[in-house]
Amino acid sequence: MNRNGLDEMQLQERNRIGNQSFLLLLYLLLFDSGLYGFGIRWAPYPSNVMAILCLCAGIYTIRLIRNNAYIGPSTKVSKISRNTAAIAVGSAFVALLLAIILITSGAMDLSKLKGMKDNGAIILLLLAVALA
């Protein structure tokens, strides 16, 4: 076993999935640039690349977990500790509190965005929520 705890079969599987995910990313970016050349724009420039990148990273992670190549074999069974649960609840509370403060203070005024025709931020937000 190596330093990250994966055995040889898991390393080979991780490398195989990584190579396939990289090729998928490459082909999707080439396909997107081809669509752009034909005048088809499904999202503005930085958003389309970020969406493709997030999609490929999500596929890579899901395939690693499904093929048991994400973490090495463990000798002990780990449970969620109270500290981990407290951190998760605390960070969710802080995020909710921050969202409420931003909305009530007017910092997230959507009327300023009326003239914008770019919906890339909304696409990336929905993609991040869907993949999380």
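Residues: numbered from 1 along the sequence shown.
A continuous path of Ile, Leu, Val, Met, Phe, Trp and Tyr side chains, each step under 4.5 Å between heavy atoms, connects Trp42 with Leu28, placing both in one hydrophobic cluster. Note on Phe22 and Leu24: separate hydrophobic clusters, where clusters join Ile, Leu, Val, Met, Phe, Trp and Tyr whose side-chain heavy atoms are under 4.5 Å apart, directly or indirectly. The hydrophobic cluster containing Leu53 also contains Tyr45, counting ILVMFWY residues as joined when their side-chain heavy atoms lie under 4.5 angstrom apart, directly or transitively.
Counting only residues at least two apart or on different chains, the side-chain hydrogen bond (donor to acceptor under 3.5 Å, both in side chains) pairs with a member in residues 83-102 are Ser81-Thr84. Listed by first then second residue, pairs satisfying salt bridge (Lys or Arg N to Asp or Glu O under 4.0 Å) with a partner in residues 15-36 read Glu13-Arg16, not counting sequence neighbours.
Atom CG in Leu35 sits 4.0 Å away from atom CZ in Phe31 (nearest 0.5 Å). Note that CG of Leu25 is 4.5 Å distant from CG of Leu29, once rounded to the nearest 0.5 Å. With rounding to the nearest 0.5 angstrom, the CG atom of Asn68 is 7.5 Å from the CE atom of Met9. Of the inter-residue distances, the one linking Leu30 atom CG with Ile52 atom CD1 reads 10.0 Å to the nearest 0.5 angstrom.
Here the options are Leu23, Asn19, Ile17, the test is side-chain contact (heavy atoms from CB on, under 4.5 Å), and the partner is Ser21; only Ile17 passes.
Around OH of Tyr60, the count of heavy atoms belonging to other residues, nucleotides or ligands within 6.0 Å exceeds 12.
Taking the centre and axis of the six-membered ring of Tyr70, the NZ or CZ atom of Arg14 falls outside the cone set by 45° and 6.0 Å.
Remark: side-chain polar atoms of Gln10 are paired, donor with acceptor, to backbone N or O of Asp7 under 3.5 angstrom.
For the pair Leu96/Ile100, a side-chain contact is recorded, criterion being any heavy-atom separation below 4.5 Å from C-beta on.
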